[in-house]
Amino acid sequence: MSDTSAAPGPVWRALVAADPARPFVTAYDASGGRVELSRATVDNWVSKTSNMLVDGLGAQPDDRLAVALPLHWQSLVWLLAAWSVGTVAEPAGPGRVPSGAQFAIADSDRLETALDSGAEEVVGTSLHPLGLPLSETPAMVTDYTVEVRGHGDHFAPYPVDADAVAARTDREYTGAELVEAGRARAEAWELGEKDRVAVLADGHAPLSVLGTDLSVLWAAVHAGTPLVLTPTGTEGLAHRLSTEQVTAAVAAEGAEVPEHVRTLS
């Protein structure tokens, strides 16, 4: 067995412990609404979601979790929770839900598809800016917003083998591979704690905008660099990025990066 401290869960917790109050993700929605979450706040959501996975849904290491969500701060929480528990995260493209997973988390547009995917448990989330529950909850679907609040604020990541499979996208990736891909990308981009990296993508963009190996997320974790998630084509985008002190950006295909911001590729 490899060093469990090199697995994604402990690597994430080490970042939180280093400076809990530091921002980790700032997210904008299409209406211009803004939410900023510190490392500690994200970790609180990760802990609650991990406890929900284990105590509420019965998840165990090596179970599969279909993540049928677009790029959003909640989708980052679900990825980090999956890796804290040791489940295999399977991000899905627009309109899709991977079949055969034990569990599925889906946005409101994909709940019926999730129910047809063969998942034993389906969780739905509205992704509403104000944290409202689903407007309609189909039978056999658990409303994340309602359920997660009742779960504990602390969760110690399971001692997961870093060489165990942690994600399935274009192929299977071990936890160690995810973390290493992030380290390599952070070093290639010369990222540091003084940077702020924007991810420019529309509100329906899949998690693949973070890379098939999700290395944009792990580059931010490795370098301690806050992320700013913001839609493309937004009026005043250049001003927004300047206000957020963004120094570099990852852009979805077709998105334009303002001239004053370094483009990462």
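Since the structure is predicted, the reported quantities are computational estimates derived from the model, not experimental observations. Heavy-atom basis, side chains included; hydrogens, waters and symmetry copies ignored.
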What's the spacing between Leu200 CG and Tyr28 OH if we round to 0.5 Å?
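Those atoms lie 12.0 Å apart.
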Any link between Val209 and Val228 through a network of hydrophobic side chains (Ile, Leu, Val, Met, Phe, Trp, Tyr) touching at under 4.5 Å?
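Cluster IDs for Val209 and Val228 differ.
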According to a hydrophobic-cluster definition based on side-chain heavy atoms being under 4.5 Å apart (Ile, Leu, Val, Met, Phe, Trp, Tyr only), do Met52 and Val146 belong together?
no
Please evaluate residues Thr145 and Leu134 with respect to the criterion side-chain contact (heavy atoms from CB on, under 4.5 Å), reporting the C-alpha separation (whole Å), side-chain torsions for both, the decisive distance (0.1 Å), and the verdict.
CA-CA 8 Å; Thr145 302; Leu134 292 164; over 6 Å; no
Side chain of Arg262, backbone of Ala249: donor and acceptor closer than 3.5 Å?
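Not confirmed, Arg262 side chain does not pair with Ala249 backbone.
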What is the minimum heavy-atom distance between Val85 and Pro61, and which atoms define it?
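Heavy atoms only, the tightest pair is O-CG, 3.5 Å.
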Decide, yes or no, whether a salt bridge links Glu244 with Arg240 under the criterion of side-chain N to carboxylate O below 4.0 Å.
no
Check whether Arg64 reaches the backbone of Gly100 with its side chain - one donor and one acceptor, N or O, closer than 3.5 Å.
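The answer is yes, because a donor-acceptor pair under 3.5 Å joins these two groups.
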So, for His154 and Asn51, which heavy atoms are closest and what is the spacing to 0.1 Å?
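Heavy-atom minimum between the residues: O-ND2, 3.0 Å.
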Provide the closest heavy-atom pair for Ala104 versus Val97 in the form atom of the first, atom of the second, distance.
CB-CG1, 4.4 Å
Connected via hydrophobic side-chain network under 4.5 Å: Leu79 and Val122
no
Are Thr225 and Asp195 linked by a side-chain donor-acceptor pair shorter than 3.5 Å?
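Note: Thr225 and Asp195 side chains miss the donor-acceptor criterion.
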Quick one: ring pair (Phe, Tyr, Trp, His ring centres under 6.0 Å) pairs with a partner in residues 39-84, sequence neighbours left out?
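For residues 39-84, and leaving out neighbouring residues, the ring pair (Phe, Tyr, Trp, His ring centres under 6.0 Å) pairs sorted by first residue read Trp45-Trp73, Trp78-Tyr144, Trp83-Trp218.
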Do any N or O atoms from the side chain of Ser242 and from the backbone of His239 form a donor-acceptor pair under 3.5 angstrom?
no
Is there a side-chain contact between Thr113 and Arg96, using heavy atoms and a 4.5 Å cut-off?
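A side-chain contact is absent here, since even the closest heavy-atom pair is not under 4.5 Å.
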Should Val160 and Val16 be regarded as members of a common hydrophobic cluster, given that ILVMFWY residues are connected when their side-chain heavy atoms come within less than 4.5 Å of each other, either directly or indirectly?
yes
Are Asp153 and Lys48 ion-paired here, with the side-chain N under 4.0 Å from a carboxylate O?
yes
Value rounded to 0.5 Å, distance of OG in Ser265 from CZ in Arg185
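Answer rounded to 0.5 Å: 8.5 Å.
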Under 3.5 Å, is there a donor-acceptor pair between the Thr41 and Ser38 side chains?
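Side-chain D/A pair, Thr41 to Ser38: present.
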Hey, could you give me the CD/CG distance between Glu235 and Leu237, rounded to the nearest 0.5 Å?
11.0 Å
Are Leu57 and Val123 side-chain neighbours, meaning at least one heavy-atom pair lies under 4.5 Å?
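In contact.
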Is the side chain of Thr49 donor-acceptor paired with the backbone N or O of Val46 at a distance under 3.5 Å, no angle test?
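No, because the side chain of Thr49 does not come within donor-acceptor range (under 3.5 Å) of the backbone of Val46.
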What is the distance from atom OG1 of Thr232 to atom CD of Glu256, rounded to the nearest 0.5 Å?
9.5 Å
Is it the case that the side chains of Asp170 and Tyr173 hold a donor-acceptor pair, with the cut-off being a distance below 3.5 Å and no angle test?
yes
Step through the shown structure and confirm whether more than 12 heavy atoms of other residues, nucleotides or ligands are within 6.0 Å of CD on Glu36.
yes
Please report the interatomic distance CG(Leu178) to OG1(Thr169), rounded to the nearest 0.5 Å.
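Between atom CG of Leu178 and atom OG1 of Thr169 there are 8.0 Å.
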Distance from Leu53 atom CG to Phe155 atom CZ, nearest 0.5 Å?
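Separation between the atoms: 8.0 Å.
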Which atom of His260 lies closest to which atom of Ala238, heavy atoms considered
CE1-O, 3.5 Å
Taking it one step at a time, do Asp63 and Phe103 satisfy side-chain contact (heavy atoms from CB on, under 4.5 Å)?
CA-CA 8 Å; Asp63 282 345; Phe103 309 100; 3.5 Å; yes
Carefully, step by step, assess Val42 and Trp12 under the rule side-chain contact (heavy atoms from CB on, under 4.5 Å).
CA-CA 10 Å; Val42 172; Trp12 161 250; 3.7 Å; yes
Does NZ or CZ of Arg22 come closer than 6.0 Å to the centre of the six-membered ring of Phe24, within 45° of the ring's axis?
no
How far apart are the closest heavy atoms of Arg39 and Glu193, and which atoms are they?
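Looks like NH2-OE2, 4.3 Å.
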Consider only side-chain heavy atoms of I, L, V, M, F, W and Y, link residues closer than 4.5 Å, and tell whether Leu69 and Leu217 are in one cluster.
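Leu69 clusters together with Leu217.
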Under the side-chain contact (heavy atoms from CB on, under 4.5 Å) criterion, do Ser50 and Ser84 qualify, and how do the steps go?
CA-CA 7 Å; Ser50 299; Ser84 295; 3.7 Å; yes
